[in-house]
Amino acid sequence: CGNVASIDGGAVHSRRGEPRMTNCVVVGNVAGNRGGGLYSSHNVSNSTLLVNVSRCSFAGNKATSGGGAIVVWFVRMSIENSILFNDFGAQGSEVYNFGNTTTVSYCDIEGGVSGIFNTNGSAVITNGINIDQDPMFVGGPSGTWVSDASFNPTNFQSSLTDTNALWTPGELAGKFVQPNTNQFNQ
């Protein structure tokens with residue numbers, strides 16, 4: 001959460017790889033060019049590489065050019081059982097698909113599947129029911145993070161610090177919190 005990349009891939013940047021993102025939350029990241037949340041590319045068209053996004057939520061990510069949430073460039077992608085909402089990119093607020101096929105299954109995507117920006121011969125294949133409905137992320141109590149989040153890889157827990165917190169410890173555990181993407185320490 002809250003990462004900033006000067007060019008591509010605010011949270012994740014994969015070149016010639018096959019990232020598998022499962023059960024993740026990608027929130028409040030910024031890319032100076034493309035892919036506020038995820039940028040995956042290959043330099044050859046018709047690549048057999050596959051990006052797999054499953055049971056993930058992308059929200060509040062920004063990219064100045066394309067793909068506020070995700071950009072795939074000459075890489076196939078499968079998105080399933082995921083939420084992509086409230087991201088911003090000049091072309092493709094949620095997904096920018098360049099030169100390959102994206103399969104979308106049982107997702108909630110702002111703007112719907114038709115809102116995925118396709119260029120350079122790209123295509124979207126739908127499988128199952130996909131919707132465009134506000135996921136109603138929990139706003140939670142108000143507060144201001146006073147330092148960067150600390151992550152404990154042993155228990156997979158992120159801790160945030162607010163010296164003037166209006167919530168009790170653990171109150172936000174397991175909830176999606178609507179990010180303030182203008183504030184980088186979150």
Side-chain angles (χ1 to χ4, degrees), residues 1-22 24-105 107-126 130 132 135 137 148-149 176 178-186:
C1 295
N3 297 299
V4 178
S6 60
I7 301 177
D8 298 323
V12 177
H13 184 130
S14 171
R15 178 138 173 90
R16 298 184 192 150
E18 294 187 281
R20 298 183 63 81
M21 299 178 72
T22 304
C24 60
V25 178
V26 182
V27 176
N29 301 288
V30 178
N33 192 26
R34 297 184 197 99
L38 165 65
Y39 177 87
S40 185
S41 69
H42 196 282
N43 59 349
V44 180
S45 63
N46 298 319
S47 165
T48 60
L49 296 178
L50 176 65
V51 174
N52 190 307
V53 175
S54 179
R55 297 182 306 277
C56 293
S57 294
F58 288 74
N61 299 292
K62 296 179 184 179
T64 57
S65 181
I70 300 171
V71 167
V72 284
W73 195 278
F74 287 142
V75 178
R76 297 176 303 130
M77 180 170 61
S78 171
I79 308 172
E80 57 188 21
N81 299 316
S82 294
I83 299 170
L84 287 77
F85 231 84
N86 196 30
D87 298 293
F88 174 79
Q91 293 178 311
S93 287
E94 299 304 330
V95 178
Y96 183 101
N97 187 20
F98 184 94
N100 229 316
T101 302
T102 293
T103 302
V104 180
S105 308
C107 292
D108 184 0
I109 300 175
E110 187 172 16
V113 172
S114 62
I116 294 174
F117 185 82
N118 291 295
T119 187
N120 198 45
S122 296
V124 173
I125 298 171
T126 59
N130 296 289
D132 172 12
F137 289 125
D148 291 332
F176 290 113
Q178 179 66 37
N180 174 352
T181 56
N182 293 320
Q183 180 185 345
F184 291 103
N185 288 331
Q186 57 175 319

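- Once rounded to the nearest 0.5 Å, the distance linking CG of D132 with CD1 of I109 reads 9.0 Å.
- Scored by the ring pair (Phe, Tyr, Trp, His ring centres under 6.0 Å) test, F58 finds no partners at all (sequence neighbours excluded).
- Residues G10 and A5 come closest through the heavy atom pair CA-CB, 3.9 Å.
- Of all heavy-atom pairs spanning G99 and S122, the tightest one is N-OG, 2.6 Å.
- Among V95, V124, T103, N52, the one residue that satisfies the side chain to side chain contact (heavy atoms under 4.5 Å, CB included) test with I79 is V95.
- With rounding to the nearest 0.5 angstrom, the SG atom of C107 is 11.0 Å from the CD atom of E94.
- Under the ring pair (Phe, Tyr, Trp, His ring centres under 6.0 Å) criterion, F117 pairs with Y96, sequence neighbours left out.
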Worked verdict on I70 versus L84 for side chain to side chain contact (heavy atoms under 4.5 Å, CB included)
CA-CA 9 Å; I70 300 171; L84 287 77; 3.8 Å; yes
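- Proximity of a side-chain donor or acceptor of N61 to a complementary backbone N or O of N29 within less than 3.5 Å is detected.
- Here the closest heavy-atom approach between residue L50 and residue E18 is recorded as N-OE2, 2.9 Å.
- Side chain of D87 to backbone of K62: no donor-acceptor contact under 3.5 angstrom is found.
- Not counting sequence neighbours, the partners of R55 by the side chain to side chain contact (heavy atoms under 4.5 Å, CB included) test are T22, N23, N81.
- A search for side chain to side chain donor-acceptor pair (under 3.5 Å) contacts involving R15 returns S41, not counting sequence neighbours.
- Atom-to-atom distance recorded for W73:CH2 and S40:OG is 12.5 Å, nearest 0.5 angstrom.
- Between the side chain of S82 and the backbone N or O of C56, at least one donor-acceptor pair lies under 3.5 Å.
- Panel note: side chain N130, backbone V104; a donor-acceptor pair is recorded below 3.5 Å.
- Of all non-hydrogen atoms in A11 and G37, the two that sit nearest each other are CB-O, 3.1 Å.
- A search for ring pair (Phe, Tyr, Trp, His ring centres under 6.0 Å) contacts involving H42 returns nothing, not counting sequence neighbours.
- Side chain of T101 to main chain of A123: no donor-acceptor pair is present (N/O by atom type, distance under 3.5 Å, no hydrogens or angles).
- Counting only residues at least two apart or on different chains, the side-chain hydrogen bond (donor to acceptor under 3.5 Å, both in side chains) pairs with a member in residues 110-121 are N97-N118.
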Could you go step by step and tell me if V12 and V26 meet the side chain to side chain contact (heavy atoms under 4.5 Å, CB included) rule?
CA-CA 9 Å; V12 177; V26 182; 6.0 Å; no
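- Taking CZ of R76 as the start and CG of N100 as the end, the distance is 7.0 Å to the nearest 0.5 Å.
- In this structure, the side chain to side chain donor-acceptor pair (under 3.5 Å) partners of N33, at least two apart in sequence or on a different chain, are D8.
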